[in-house]
Amino acid sequence: MKIFLTGVAGFIGSYVAQALLEKGHSVRGVDSLNAYYDPALKRARLARLEGRKEFAFTQADIADAGALTRAAGGESFDVIVHLAAQAGVRHALEDPGAYTQSNLVGHHNILELGRHMKGLRHLIYASSSSVYGNDTKPPFSEEARADRPVSYYGATKRAGELMSHSYAELFALNLTGLRFFTVYGPWGRPDMAYWLFTDAVLKGKPLKLFGGGLLRRDFTWIDDIVAAVVRMTEMPFVGPASGAPHRLYNLGNSHPEDVLTLIRTIEHATGKSAIVEHAPGPAGDVKETYADVSRAGRDFGFRPSTTLAEGIPRFVSWFRDYHHL
């Protein structure tokens, strides 16, 4: 299969590209390599893919429609896997325009690219657990209204889902949205709590703990996520029995842990104690994320199997190697 993959230098995108290449697929990857976090990490992820016969990379911003079209090169692809986005809940307080450009304008450009691409079978895109906000009853079901996100990031992701549904309805575009729940692992994002806490503990620096450590997150190991995305990419699209050909799936561990447990797990994995500074939680943080994954389990056999106690030591080992600690 020929796959067009955006966000290929990102955390999840680089893993998905690698897994698809290892299964013999052709991947055309796109990424802007922006400076939201250190571009050197993004280039290091890309270095793991470069040199493979069936891989090609173009640096382009999905919010630039012309650049995106040129990146596709006039070719037809079987599947678009759209993982590029402006990520991070808290950064939206400082630069909401970046989210508008990437997650709304950029998402629209991807939908337009898919609409006009001959032979496209399926467009898969990344959404987020942030769409649920604080009003959804746990475990979060895809049937929940999800119309009161507490962060602007979550609002842009929910808007992307609605835009996608409209394109599916109007243009018969086969679309699948994936609501990711706190994905973690080696080569992850430096703005995430597990990375920040590990860095602080290993270097003997204070870490900021919001909400008394009682916030709960459905920490989901990267390999469990990648297996699901690859399976969805390879399987024929089967739409709902009626209505627009648009599906939504939660991809989470379905086992939330509080942040204090995360810290204790990092302490155990590093053999060091955390220096904790309590701080009020910033606007936009949800109290809990908890995925109901029964729909993904039914349709794709999704069975997340990695616990936080198993995953964090693997991440810490990689972190030490990557930073020579």
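Every residue two or more places apart in sequence or in another chain that forms a side-chain contact (heavy atoms from CB on, under 4.5 Å) with R148 is listed here: D135. Residues passing the ring pair (Phe, Tyr, Trp, His ring centres under 6.0 Å) test with H165, sequence neighbours excluded: H246. By the side-chain contact (heavy atoms from CB on, under 4.5 Å) test, S128 is found to be paired with S130, Y153, K157, residues two or more places apart in sequence or in another chain being considered. Residues forming a side-chain contact (heavy atoms from CB on, under 4.5 Å) with H25 (at least two apart in sequence, or on another chain): M1, I3, L20, K23, E234. For F77, the ring pair (Phe, Tyr, Trp, His ring centres under 6.0 Å) criterion is met by F4, not counting sequence neighbours. Residues passing the ring pair (Phe, Tyr, Trp, His ring centres under 6.0 Å) test with F180, sequence neighbours excluded: none. In this view, H323 and W195, F319, L325 satisfy the side-chain contact (heavy atoms from CB on, under 4.5 Å) rule, not counting sequence neighbours. Scanning for ring pair (Phe, Tyr, Trp, His ring centres under 6.0 Å) contacts around W221 gives Y184, with sequence neighbours left out.
Just one residue in the list D285, V150, D191 forms a side chain to side chain contact (heavy atoms under 4.5 Å, CB included) with V89, and that residue is D285.
For N250 (side chain) and G252 (main-chain N/O), no donor-acceptor pair under 3.5 Å exists by modelled atom type. With hydrogens and angles disregarded, no donor-acceptor distance shorter than 3.5 Å links the side chain of R121 to the backbone of N174. Side chain of R189 to main chain of F11: no donor-acceptor pair is present (N/O by atom type, distance under 3.5 Å, no hydrogens or angles). With hydrogens and angles disregarded, no donor-acceptor distance shorter than 3.5 Å links the side chain of R247 to the backbone of P240. S254 contributes a side-chain N or O that, together with a main-chain N or O of A291, makes up a donor-acceptor pair within less than 3.5 Å. Y99 places a side-chain N or O within 3.5 Å of a backbone atom of A92 that can act as its donor or acceptor partner. For R295 (side chain) and L248 (main-chain N/O), a donor-acceptor pair under 3.5 Å exists by modelled atom type. A donor-acceptor pair is defined here as one N or O able to donate and one able to accept, closer than 3.5 Å; no such pair exists between the side chain of R158 and the backbone of S127. Without hydrogens or angle criteria, S102 side chain to A98 main chain gives no donor-acceptor distance under 3.5 Å. Between the side chain of Y37 and the backbone N or O of K42, no donor-acceptor pair lies under 3.5 Å.
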Side-chain donor/acceptor pairs under 3.5 Å, residues 49-61, sequence neighbours excluded:
from: Q59; atom 1: NE2; to: S32; atom 2: O; distance (Å): 3.2
from: D61; atom 1: OD1; to: A63; atom 2: N; distance (Å): 2.9

Which donor-acceptor pairs under 3.5 Å do side chains of residues 199-216 form with protein atoms, sequence neighbours excluded?
from: D199; atom 1: OD1; to: K203; atom 2: NZ; distance (Å): 2.9
from: R216; atom 1: NE; to: E288; atom 2: OE2; distance (Å): 3.0

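No side-chain N or O of R314 forms a donor-acceptor pair with one of S317 less than 3.5 Å apart. Defined by atom type and a distance below 3.5 Å, a donor-acceptor pair is present between the side-chain atoms of H108 and Y167. No side-chain donor from either of E161 and Y125 sits under 3.5 Å from a side-chain acceptor of the other. For the 3.5 Å distance criterion, the side chains of H107 and S164 qualify, holding a donor opposite an acceptor.
Side-chain heavy-atom separations under 4.5 angstrom define the hydrophobic clusters, and the remaining members of the one that includes F181 are V131, Y132, F140.
The list of ring pair (Phe, Tyr, Trp, His ring centres under 6.0 Å) pairs with a residue in residues 251-307, not counting sequence neighbours, reads Y249-F300.
For Y194 and F315, the distance between ring centers is under 6.0 angstrom.
Contact annotation: the side chain of V230 never approaches that of E22 to less than 4.5 Å [non-hydrogen atoms, C-beta and beyond].
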